Protein chains: 2
Amino acid sequence: MKSEKKIIPSVTCPIFRAQKIISGKWKIYLLYLLSQGTKRFSDLYRETPGITQAMLSKQLRELEAAGIISRYVYPEIPPKVEYSLTELGQNFMPVLDELAKWSCTHLHPEEGEEKISGSA
Amino acid sequence: MKSEKKIIPSVTCPIFRAQKIISGKWKIYLLYLLSQGTKRFSDLYRETPGITQAMLSKQLRELEAAGIISRYVYPEIPPKVEYSLTELGQNFMPVLDELAKWSCTHLHPEEGEEKISGSA
DNA sequence: CAGCATCCCAGAGGATACTG
DNA sequence: CAGTATCCTCTGGGATGCTG
């Protein structure tokens, strides 16, 4: 524990703060899914091929901690949990929209070098 | 070694593709810096407290590989290298703008749990 | 159904030293 | 000045299994 004050742009720069919140392999994608409306855990799980329950749960809790999404647990058996965007999450949508536009317009897969050749 | 093709949204979803490109601790911030105009390596280095030359170099090369920024090397001694946004990078600015707006409007440091109390 | 616990690993990120 | 090269740490992310 160094008590030295490190001057980092983390707090100074809004870009930095935002970036930290949305960083994560699935965060933005999950926000995109939730922009379509309230969804259950299983919905998100099914619509996010490749993710594990553990990861999904983790990412969702992080997004919840950031105040971007909210979680509603139905007092039922079997459990039912719904996730939805908060006000903050709704306000994030323009960013997502611009990102999607940018990606769709300029980031065509065929221009990249990546290929979905499986795990070869 | 499963030769099975994993169906991941990586390629399907534009959001996913974009996210992979801008992921990285400094990418977005560097794009922000370069949005202010062409800058030299040393400029970026000085304006990004906390980063190391190695990291800066790495991030810049990744951004360059993604076609978002361009690099111009002056044939001089001592070396002089300038970085600037490409067309693709310019087109990304709206995203950055929205992100900044979102962060500034809704992501006040005092609302979070983080505090820059430094050596407090 | 939803999610936690545990273990594991690759790679992102960092510190330091050296070079054309 | 603008980088490499090397080494090291840390944590994001993944696999699997268990539970209320």
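Because the structure is predicted, anything quoted here is derived from the model rather than measured. Below, chains carry the letters A, B, ... as their sequence lines are ordered, and counting in each starts from 1.
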Going by atom type alone, with no hydrogens or angles, which donor-acceptor pairs under 3.5 Å involve a side-chain atom of residues 59-68 of chain A and a protein atom two or more places apart or on another chain?
{"residue": "A/R61", "atom": "NH2", "partner": "A/S57", "partner atom": "OG", "Å": "2.6"}
{"residue": "A/E62", "atom": "OE1", "partner": "A/K27", "partner atom": "NZ", "Å": "2.8"}

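You'll find that the side chain of A/F41 is closest to C/dG3, out of C/dA15, D/dG3, C/dG3. Nearest to the side chain of B/S57, among D/dA5, D/dG12, D/dG3, sits D/dG3. The side chain of B/M55 lies closest to C/dG14 when the candidates are C/dG14, C/dC4, C/dA15. The side chain of B/A54 lies closest to D/dA5, out of D/dA5, D/dG13, C/dA5.
Contacts between residues 72-81 of chain B and DNA chain C, counted as heavy-atom distances below 4.0 Å, involve B/P79.
Between the CD atom of B/E62 and the C1' atom of C/dA12 there is a distance of 9 Å, given to the nearest Å. The distance from atom CD1 of A/I21 to atom C1' of D/dG12 is 17 Å, rounded to the nearest whole Å. At whole-Å resolution of the value, CZ in A/R61 and C1' in C/dC4 are 8 Å apart. In this entry the distance linking OH of B/Y45 with P of C/dT16 reads 11 Å, nearest Å. The OH atom of A/Y29 sits 22 Å away from the P atom of D/dG12 (whole-angstrom rounding). Atom CG in A/L44 sits about 9 Å away from atom P in C/dA2, given to the nearest Å. Between B/Q53 atom CD and D/dC1 atom C1' the separation is 10 Å, expressed in whole Å. Distance, A/K25 NZ to D/dG12 C1': 10 Å, rounded to whole Å.
Within the structure, ring pair (Phe, Tyr, Trp, His ring centres under 6.0 Å) pairs that include any residue of residues 35-73 of chain A comprise A/Y72-A/Y74 (at least two apart or interchain).
The closest side-chain donor-acceptor pair between A/S70 and A/T86, if any, does not fall under 3.5 angstrom.
With hydrogens and angles disregarded, no donor-acceptor distance shorter than 3.5 Å links the side chain of B/S103 to the backbone of B/A100.
The side chain of B/R71 contributes an N or O atom lying less than 4.0 Å from OP1 or OP2 of D/dG3. Distances shorter than 4.0 Å separate some side-chain N or O of A/Y83 from OP1 or OP2 on C/dG3. B/R40 has a side-chain polar atom (N or O) that falls below the 4.0 Å cut-off from OP1 or OP2 of D/dA2. The side chain of A/S23 contributes no N or O atom lying less than 4.0 Å from OP1 or OP2 of D/dG12. For the OP1/OP2 pair of C/dA15 and a distance below 4.0 Å, the side-chain nitrogens and oxygens of B/T52 include no atom meeting the criterion.
A/K101 is linked by a salt bridge (charged side-chain N to carboxylate O under 4.0 Å, His left out) to A/E98, counting only residues two or more places apart in sequence or in another chain. Residues passing the side-chain hydrogen bond (donor to acceptor under 3.5 Å, both in side chains) test with A/K39 are A/Q36, A/E47, sequence neighbours excluded. In this structure, B/T52 has no side-chain hydrogen bond (donor to acceptor under 3.5 Å, both in side chains) partners at least two apart in sequence or on a different chain.
Taking CG of B/L99 as the start and OH of B/Y32 as the end, the distance is 12.0 Å to the nearest 0.5 Å.
Residue A/L60 is the one, among B/I51 and A/L60, whose nearest nucleotide of DNA chain C lies closer to the 5' end (criterion: closest heavy atom).
Among the heavy atoms of the strands lying under 4.0 Å from A/Q59 are primed sugar atoms or P, OP1, OP2 only; no base atom is included.
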